[in-house]
Amino acid sequence: MKEGGRLAQGPGTVPLAGAARSLWDVYRAEFRTSVAVQMQYRAAQLIWLLGTVLGPVVYLAVWSAVAAASGGTVGGYDRHTFAAYYLTLMLVNQVTFTWIMYEFQGRIREGSFTPLILRPVHPIHGDVADNLAHKALTLAVLLPTAAALAVAFRPAFRGLPPLDALLLLPSLVLAFVLRFAVEWTLALAAFWTVRTSALNGLYEGVLLFLSGQVAPLPLLPQPLRALADVLPFRFMVAFPVSLAVGRPLPAAAVLGLSAQALWAAAAVAALLVVWRAAVRRYAAVGG
Amino acid sequence: MASRRDAPAGPAPVVVASGLTRLYAVSEREAGLAAALRSVLRRSVRQVRAVDGVTFEVGPGEIVGFLGPNGAGKTTTLKMLAGLLHPTEGRAEVLGHAPAERRPEFLRQITLVTGQRSQLQWDIPAADSFELHRAVYRIPPARYRRILADLDAMLDLGPLLGKPVRNLSLGERMKCEVAAALLHEPRVLFLDEPTLGLDVVAQRRIRSFLADYNRRTGATILLTSHYMADVQALCRRVIVIHHGRLLFDGLLEALAGRLLPHKVIVVQPSDPAADLRPYGEVTERAPGEVTLRVPRAAAPAVAARILAEVAVDDVSILDPPIEDVVEQIFSAGRAPESGAGLRP
């Protein structure tokens with residue numbers, strides 16, 4: 001605001017490196033803001049984390065009991081391989097889960113989306129940063145918890161083949177991208193119908209079964225297993241878990257990762273299309 | 001005191017609305033369970049014209065006030081210009097951009113402030129939200145520090161920035177909202193009820209700040225407000241919108257003359273018991289002061305007669321207060337220009 005000065009105009013075209021640096025700057029600022037906000041609700045964060053931990057532990061207890069009752073193993077899993085599966089699942093699920101579908105409902109209803117739409121940066125970046133902030137904050141509690149559970153349940157990992165270990169990180173990143181894009185896209189349903197809890201409930205139910213949370217996918221009854229095979233949900237949780245617990249053959253791992261990458265790309269493409277339609281819809285019905 | 005439109009050779013307009021029209025589809029049904037069930041099968045949708053063929057231009061540095069009752073179409077107009085809503089018909093252009101395309105280079109040059117909605121994070125200090133704003137708008141650090149210092153000097157933000165926003169009073173919060181909205185030094189400001197709910201002191205503070213910002217930066221400001229004081233303090237030019245149509249576009253002081261057929265005569269009679277009813281409609285009687293409403297054309301003659309026939313300490317002829325002008329127009333629920341179509 002110089003005295004009588006010309007107002008600065010936004011840069012017209014920013015070179016790619018500059019754009020990347022600006023986006024990095026946005027992520028850093030969003031991340032810091034989210035950490036500050038979430039630190040205000042430490043108890044809520046812990047309760048949330050408890051939910052993340054409790055689910056897999058309950059399934060683990062149930063499956064261990066089932067295995068014990070049927071002579072020690074179910075479908076090739078004993079209590080220690082179940083422990084390996086569910087402790088890994090707990091960590092993978094923590095990496096990939098989002099709460100964005102619940103967030104959007106309030107955003108649309110309270111109109112807090114309006115300022116986000118008028119910012120010169122896509123609102124998804126703020127959401128990703130917010131998600132990562134929660135994950136970073138809870139890691140300090142989650143890892144010791146996982147270690148304690150490991151001591152209690154004595155998981156049996158089958159030894160990670162080097163290739164699988166190598167593929168684990170990209171697979172986790174792709175799982176995050178896929179799940180985030182799918183759930184952000186579904187959350188946009190809030191632009192068409194203000195009450196999205198029915199859709200959220202349906203999605204969560206499907207995800208629970210078809211992403212390998214209720215049971216390892218090979219243990220699902222046949223029609224469900226076939227469904228899980230052709231749908232993308234297993235790539236959000238079960239696939240990285242299976243890489244980590246050392247089950248698939250190397251060829252299967254590479255093939256799986258490619259399929260995961262294709263699903264992730266498709267989900268991002270869908271997100272872009274639905275986002276455009278959603279904003280047009282927002283502009284049509286009024287903000 | 002000439003408005004920009006009086007000088008056709010002036011600079012290119014910053015804001016252009018040309019036949020701007022906005023329809024809303026409103027689904028409606030009668031109250032009751034039966035109607036609710038019927039509406040599941042068949043929705044009756046009615047098209048409402050929120051904004052109807054509004055045309056105007058705003059030049060660089062102008063401050064224009066939008067007047068109109070609730071639902072007149074002011075906010076809808078502002079939202080179309082800010083890029084939140086697509087016009088159904090007509091054209092909006094701001095800084096050479098079609099706002100609804102929401103290009104980043106356009107968004108970086110505008111701001112929208114609404115009194116009802118916050119863009120600050122509720123749970124953390126405003127300073128943290130400002131920092132996020134800096135990153136989002138790519139404000140270089142040195143410039144950011146200078147702007148923040150300027151805003152602090154004008155709005156006295158210092159003690160507020162470190163407190164969580166939820167602990168601020170409404171007035172304090174609005175100061176931070178306005179500061180946040182201006183950190184990127186927008187060239188066009190859309191302000192929708194920026195002083196809503198504020199006490200008089202806070203209102204005045206925001207007002208004088210906006211005037212100062214306009215003077216320093218030459219930014220263009222479009223403003224809606226229910227508080228006539230806002231409009232009077234900031235806007236030489238007003239645009240009156242009613243039922244989605246543009247009713248008046250011109251200087252504020254011309255508004256009363258154009259839209260109201262009467263003037264106000266304030267008399268201070270020497271004899272408090274003096275009866276002034278024969279001279280006009282008595283609208284207010286305070287101790288030592290009587291306010292009359294008289295036909296505009298007759299005002300000088302009536303005042304002369306009062307001076308000649310009644311012992312008075314003082315007589316003044318005034319335009320009706322702008323609140324009355326607005327109230328009259330809106331409570332009448334009709335446009336004076338459209339009087340031809342009205343039944344007596």
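Because the structure is predicted, anything quoted here is derived from the model rather than measured. Convention: sequence-line order gives letters A, B, ...; per-chain numbering from 1.
Surrounding CZ of F209(A) are at most 12 heavy atoms belonging to other residues, nucleotides or ligands under 6.0 Å away. Atom CZ of R245(B) has 12 or fewer heavy atoms from other residues, nucleotides or ligands within 6.0 Å. The number of heavy atoms from other shown groups lying within 6.0 Å of CH2 (W99(A)) is above 12. A 6.0 Å sphere centred on CZ of R21(A) holds no more than 12 heavy atoms belonging to other residues, nucleotides or ligands.
In terms of heavy atoms, A29(A) sits closest to E131(B) at CB-O, 4.2 Å. Between G83(B) and L118(A) the shortest heavy-atom distance is C-CD2, 4.4 Å.
With a 4.5 Å cut-off on non-hydrogen atoms, Y41(A) touches chain B through its side chain but not through its backbone. With a 4.5 angstrom heavy-atom cutoff, R103(B) does not touch chain A via any of its atoms. Of the two parts of Q40(A), only the side chain, counted from C-beta on, holds a non-hydrogen atom closer than 4.5 Å to a non-hydrogen atom of chain B. Contacts between R28(A) and chain B at a heavy-atom distance below 4.5 Å are absent for every atom of the residue.
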Please set out all donor-acceptor pairs under 3.5 angstrom arising from side-chain atoms of residues 151-158 of chain B, sequence neighbours excluded.
unit_1: D152(B); atom_1: OD1; unit_2: L157(B); atom_2: N; d: 2.9
unit_1: D152(B); atom_1: OD1; unit_2: G158(B); atom_2: N; d: 2.9

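A distance of 12.0 Å separates CG in D123(B) from OG1 in T33(A), rounded to the nearest 0.5 Å. With rounding to the nearest 0.5 Å, the separation of CZ in R119(A) from CG in L132(B) is 5.0 Å.
Look at D25(A) and R138(B) and you find no salt bridge, because none of the NZ, NE, NH1 or NH2 atoms lies under 4.0 Å from a carboxylate O.
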Worksheet item: Can R102(B) and I117(A) be said to form a side-chain contact (heavy atoms from CB on, under 4.5 Å), step by step?
Response: CA-CA 9 Å; R102(B) 279 192 306 280; I117(A) 261 182; 3.8 Å; yes

Fill in: Steps toward side-chain contact (heavy atoms from CB on, under 4.5 Å) verdict (W122(B), V37(A))
CA-CA 8 Å; W122(B) 201 244; V37(A) 170; over 6 Å; no

